[in-house]
Novice: 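One structure follows; several queries about it will come next.
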Amino acid sequence: MFEEDFAQTPLLSGLNPEQLAAVTYPAEPLLILAGAGSGKTRVLTTRIAWLLHTAQAQPHNVLAVTFTNKAAKEMRTRLGAMVSHSLRRMWLGTFHGLCHRFLRIHHREADLPPSFQVLDSADQLALIKRLLKQAGISEEAVVPRVLQGFINAQKENGLRAADLDAPDPHTKRLIACYADYEQTCRREGTADFAELLLRAYEVLNARPELLAHYQSRFTHILVDEFQDTNALQYRWLTLLAGGGAALCAVGDDDQSIYRFRGARVGNMADLMTAFGIDAPVKLEQNYRSAGNILAAANAVIARNRKRLGKNLRTGAGAGEPIRFYSAADDAAEARFIAGEIQALRQEGLPLAHMAVLYRSNAQSRILEQTLFAERIPYRIYGGLRFYERAEIKHALAYLRLAVHRDDDHALLRIINMPPRGIGARTVEQIQQQAQSAGVSLFAAAVQLAGASAKIAAFVRLIHDLHERAQVADLAELTAYTVAASGLHDYFAKQKIPAERERTENLDELVNAARFFRPEEAAGWDGVSADTAGVAAVAAFLGHAALEAGDNQADGGQDAVQLMTVHAAKGLEFDAVFVSGLEEGRFPGEQSLGDAEAIEEERRLMYVALTRAKRRLYLSMAQQRMLHGMTRTGVPSRFVGEIPENLLHFLSPKPARRGAGHFDRFGAAQTAAAGGGFYAGLRVRHTKFGKGVVLAAREAGGSVRVKVNFGSAGIKELDTAFARLEMED
DNA sequence: ACCGTAGAATTTTTT
DNA sequence: ATTCTACGGT
């Protein structure tokens, strides 16, 4: 048996039995259920390395898919250190990145122009707004965001506008807009994120010879974070694996926290049925957290009904108890956290090894203020990324026009940026001309150039860029564009220093173009690696849309990490603070009446808890400023789900009431401020029936409560008038 | 063309 | 409270 032999090689040494089983599993469909901190990435990369090592596969036989660029990069790096093979011909990347590459290679079969552009979400939304305006539909009749969600949801279900029909007029209108949107994208040569996946899927599905080629090429397909896949990603994967490839999916149903963006945990169970997998290989040995932390996480997640079933264990000792602090208000909670951070720092723990987590971004403000006041350096995750900055998007719009002059969206973005005297009126004229002549905005501008010197100058600029784009080197073209467009000068002349700093970003963009190598970006094969010409520009623009850059603030110095629980997934820290643990915050108020939503929040809590290696703090505020109002809160049910013997109360221990599933301990002291009502309380109304209180607040002497009555909807009531009975 | 202000919204996020 | 957006005035 070669497993025996290879168990001796450095590649497989150090793996525990379950990891070894997963890595050396035969070339058959396989589902790995990998708990938090169980060495999931290591198993996945080692399996690929083992496949190459044992010559079961060549790099070009492997398709490895992740969700984020970061995960893909890490995998490539780690794999590179494990094997001597060249990984250039291995398809390793994100779903979107790989589909993008596929469509660049097969743009002809996909009926896309060679220079087709990728729309990011902001581009997509802007396109939708423009489209609604053109069709004369008000944004109240069709809310742009709703339409965007509708279109993406349809695409994720594999449905085109032509496939849809609906009885009600509103949905009918959405479908009509979807059709309009499809047509505009087609005319302008653009593809949104969902389109990349859907188009790639459709091309494979419609072309048996192409599908057969890829099915026989990819004998091993590996997927990371499988619990986050949506319906379309699942179909794409199973289509490619349908020719008998060994599909290896790694995931953790307990860490499925992206239902809101279409993730289907059910894909794990479906995969087992579809591919005849009897049981998943479980990785339950945790290498991250101390015993108490793990016990708490296990106890919390055990409350969820729908689980594939898994229980983490650790070889480490129990460690410290979990600390719980209930602060009087949000400011006091922040001060407590700052104080503990200082203390840990004194003990020699680097700040970078500590993280403060919260459910929603709004909670970061008070923490930031407090940390700033206490002179504790912090780094906050989230916010604008490099390629999302306005000045960068402006510059990219010029590049887009350079390679594709019919891109109306790009034209509208920069026709008067920097200001060149082409205002709303002139733009309207151009739009009218385009409409009546049935041509793109740029073509219309060409037609009108004789009538306006300003339009003529703009047309000349775009023509100039277009000509250079055919021959110039990408970096040269970018540098020329930034200067010739007037963007650089415009920002350089601004009064506000922050505006002037935008020129640095433009310089940085030129730099990025200089170092951009298409073949390195994703290991392209079949696509020219030339850095000159239209193809290079298109590839660079695709890279900018698909890889928006880092979204964490300035790195460098030792700093506490602040982020949402979602952003913390996959990371680990010695000390973790989970803040804002109140009913209505975490779990969020929109989840309170909904059992499915509560389970997702509980998984989120599970993710939060399992980030901690050695020390875990849980904290809450009895009163919190929210939307300009002081709201009262009771401890999160999730705190009550942690066995009491694991907790150490740093504040007076709140009274526990009831022995059931939901211990509303602390309710007695804090509910007073809400007139006896608090989030999570079950009530009954004579007319609306049973409901759950989402929020209680005092307004002008009276107490108003927001209640979710389920089918009767969400109502806001004044307790002085409404006849609400507490159900207990 | 630019600026100011009134009104609305307000989980989570990657691509 | 705050932040963003849309609209209207100068």
Side-chain angles (χ1 to χ4, degrees), chain A residues 65-72 93-100 118-126 129 133 138-140 143-145 152 155-156 191-198 200 224-225 228-230 232-233 256-263 330 357-366 369 381-383 385 387-388 416-427 454 522 542-551 563-570 580 584-592 594 597 600-601 603-605 607-608 624-631 694-695 706:
Chain A
V65 199
T66 64
F67 270 86
T68 64
N69 292 303
K70 196 175 151 203
T94 64
F95 279 101
H96 298 268
L98 295 173
C99 287
H100 177 233
V118 180
L119 294 185
D120 67 22
S121 330
D123 294 332
Q124 185 188 29
L125 189 63
K129 286 183 178 172
K133 200 166 218 168
S138 80
E139 296 198 354
E140 288 97 70
V143 182
R145 278 217 177 280
N152 291 338
K155 288 191 179 183
E156 278 168 18
D192 60 50
F193 287 136
E195 185 68 32
L196 295 175
L197 294 167
L198 180 55
D224 194 14
E225 306 277 15
D228 289 335
T229 49
N230 65 30
L232 185 54
Q233 287 158 344
S256 163
I257 55 175
Y258 287 112
R259 195 175 64 138
F260 69 91
R261 68 177 199 213
D330 47 1
L357 311 184
Y358 33 81
R359 174 66 239 268
S360 72
N361 285 117
Q363 286 159 260
S364 71
R365 171 172 296 267
I366 183 87
Q369 282 172 357
Y381 281 68
R385 286 127 103 226
Y387 287 108
E388 287 170 354
N416 201 33
M417 186 67 221
R420 49 171 68 89
I422 302 179
R425 286 209 51 151
T426 317
V427 171
K454 284 168 179 168
H543 161 82
L546 289 166
E547 209 172 322
D550 274 346
N551 70 346
M563 66 192 88
T564 64
V565 181
H566 282 93
K569 198 177 131 189
R585 290 271 85 216
F586 195 177
E589 70 174 47
Q590 69 296 324
S591 306
L592 291 180
D594 178 345
E600 175 120 341
E601 297 274 329
R603 291 192 288 269
L604 200 49
M605 179 68 172
V607 169
R624 184 179 294 279
M625 269 298 244
L626 200 64
H627 313 325
M629 308 265 190
T630 302
R631 297 215 189 184
L694 300 179
K706 209 153 128 196

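Numbers restart at 1 for each chain; the letters A, B, ... are given by sequence-line order, proteins then strands. Scope of the values below: all heavy atoms of this structure, side chains included, with no hydrogens, waters or symmetry mates.
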Novice: Got a donor-acceptor pair under 3.5 Å from the side chain of T564(A) to the base of dT11(B)?
Specialist: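 No such pair is found, so the answer is no.
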
Novice: Which listed nucleotide (dT13(B), dA1(C), dT15(B)) is nearest to the side chain of M625(A)?
Specialist: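 Nearest listed nucleotide: dA1(C).
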
Novice: When you compare the side chain of F95(A) with that of L232(A), does any pair of heavy atoms fall below 4.5 Å?
Specialist: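 Not in contact.
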
Novice: Heavy atoms under 4.0 Å, any strand shown: does Y258(A) hit a base, just sugar-phosphate, or nothing?
Specialist: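 If one applies the 4.0 Å heavy-atom cut-off, Y258(A) turns out to touch the sugar-phosphate alone, with no base involved.
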
Novice: Check the distance between dC2(B)'s P and N416(A)'s CG and give it to me in whole angstrom.
Specialist: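 Interatomic distance, CG of N416(A) to P of dC2(B): 7 Å.
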
Novice: Is the phosphate of dT14(B) approached by K70(A) (side-chain N or O, under 4.0 Å from OP1 or OP2)?
Specialist: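 Indeed not, no polar side-chain atom of K70(A) lies that close.
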
Novice: Send over the distance from E225(A) CD to dT15(B) P, rounded to a whole Å.
Specialist: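 Computing the E225(A):CD to dT15(B):P distance gives 12 Å.
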
Novice: Taking the side chain as C-beta and beyond, is there a heavy-atom pair between Q233(A) and H96(A) under 4.5 Å?
Specialist: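 Counting from C-beta outward, Q233(A) and H96(A) do come under 4.5 Å.
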
Novice: Rounding to the closest angstrom, what is the interatomic distance between dT5(C) and dT12(B) at atom P?
Specialist: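 The same atom, P, in both gives a distance of 15 Å.
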
Novice: Inspect the contact between K129(A) and E139(A) and indicate whether a charged nitrogen and a carboxylate oxygen are less than 4.0 angstrom apart.
Specialist: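 A salt bridge is absent here (no side-chain N lies under 4.0 Å from a carboxylate O).
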
Novice: Over all strands shown, is D192(A) touching base, sugar-phosphate only, or nothing at heavy-atom distances under 4.0 angstrom?
Specialist: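 If one applies the 4.0 Å heavy-atom cut-off, D192(A) turns out to touch nothing in the nucleic acid.
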
Novice: Quick one: pull up NZ in K569(A) and CZ in R603(A) and give me the separation to the nearest 0.5 Å.
Specialist: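 Nearest 0.5 Å value for the NZ-CZ distance: 10.5 Å.
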
Novice: Using a 4.0 Å heavy-atom cut-off across all strands, classify I422(A) as base, sugar-phosphate, or nothing.
Specialist: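 Here I422(A) touches the backbone only, sparing every base.
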
Novice: Hey, are the side chains of L546(A) and T94(A) touching, using non-hydrogen atoms and a 4.5 Å cut-off?
Specialist: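 SC-SC contact between L546(A) and T94(A) ruled out.
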
Novice: Would you mind classifying the nucleic acid contact of K569(A) as base, sugar-phosphate or nothing, using non-hydrogen atoms under 4.0 angstrom?
Specialist: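 No contact.
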
Novice: Check every strand shown and say whether F67(A) touches a base, only sugar-phosphate, or nothing at a heavy-atom separation below 4.0 Å.
Specialist: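 Here F67(A) touches the backbone only, sparing every base.
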
Novice: Can you tell me how far P of dT15(B) sits from NE2 of H100(A), to the nearest Å?
Specialist: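 Between P of dT15(B) and NE2 of H100(A): 14 Å.
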
Novice: If you measure from the ring centre of F193(A) to the centre of the six-membered ring in the base of dT14(B), is it under 5.5 Å, with the planes under 30° apart?
Specialist: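 Ring-base stacking flag not set for F193(A) and dT14(B).
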
Novice: Please determine if a side-chain N or O atom of R365(A) lies less than 4.0 Å away from the OP1 or OP2 oxygen of dT3(C).
Specialist: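 For R365(A), the contact criterion (side-chain N or O under 4.0 Å from OP1 or OP2 of dT3(C)) is met.
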
Novice: Separation of E139(A) atom CD from dC7(C) atom P, in whole Å?
Specialist: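 Taking CD of E139(A) and P of dC7(C), I get 7 Å after rounding.
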
Novice: Look at the side-chain N and O atoms of N361(A) and state whether any lies under 4.0 Å from the OP1 or OP2 oxygen of dT13(B).
Specialist: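 Yes, N361(A) has a side-chain N/O under 4.0 Å of OP1/OP2 on dT13(B).
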
Novice: Between dT11(B), dT14(B), dT15(B), which nucleotide gets closest to the side-chain atoms of R261(A)?
Specialist: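 Out of dT11(B), dT14(B), dT15(B), the nucleotide with an atom closest to R261(A)'s side chain is dT14(B).
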
Novice: Work out how far the C1' atom of dT11(B) is from that of dA6(C), and round it to whole angstrom.
Specialist: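 Result for the C1' pair: 25 Å, nearest Å.
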
Novice: For Y258(A) and H566(A), take the angle between the two ring planes, folded into 0 to 90°, and tell me which bin it lands in: parallel under 30, tilted 30 to 60, perpendicular over 60.
Specialist: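 Ring orientation, 0 to 90° scale: tilted.
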
Novice: Nearest nucleotide by nearest heavy atom, which residue falls closer to the 5' end of DNA chain B, E601(A) or G421(A)?
Specialist: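 Residue closer to the 5' terminus by nearest nucleotide: G421(A).
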
Novice: Starting from P on dT15(B), measure out to CD on Q124(A) and report it in whole angstrom.
Specialist: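 These atoms are roughly 16 Å apart.
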
Novice: Can you tell me the distance, in whole Å, between the CD atom of E388(A) and the P atom of dC4(C)?
Specialist: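 Atom CD in E388(A) sits about 14 Å away from atom P in dC4(C).
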
Novice: Between dA6(C), dT15(B), dA1(C), which nucleotide has the shortest distance from any of its atoms to the side chain of H627(A)?
Specialist: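 Looking only at side-chain atoms, H627(A) lies closest to dA1(C).
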
Novice: G423(A) near the nucleic acid: base, sugar-phosphate alone, or nothing, with a heavy-atom cut-off under 4.0 Å?
Specialist: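 Sugar-phosphate, backbone atoms only, no base.
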
Novice: How many Å lie between CG on D224(A) and C1' on dT14(B), as a whole number?
Specialist: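 Between C1' of dT14(B) and CG of D224(A): 14 Å.
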
Novice: Output yes when at least one side-chain N/O atom of R385(A) is less than 4.0 Å from OP1 or OP2 of dT15(B), else no.
Specialist: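 Yes, within the criterion.
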
Novice: If we ignore hydrogens and angles and just use 3.5 Å, is the side chain of D192(A) paired with the main-chain N or O of V118(A) as donor and acceptor?
Specialist: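 Here the side-chain-to-backbone pair does not exist.
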
Novice: Please state how far atom CG in D123(A) lies from atom C1' in dT14(B), giving the value in whole angstrom units.
Specialist: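 Computing the D123(A):CG to dT14(B):C1' distance gives 15 Å.
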
Novice: Between dC4(C) and dT13(B), how far apart are the P atoms? Round to whole Å, please.
Specialist: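 One P to the other, the span is 16 Å.
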
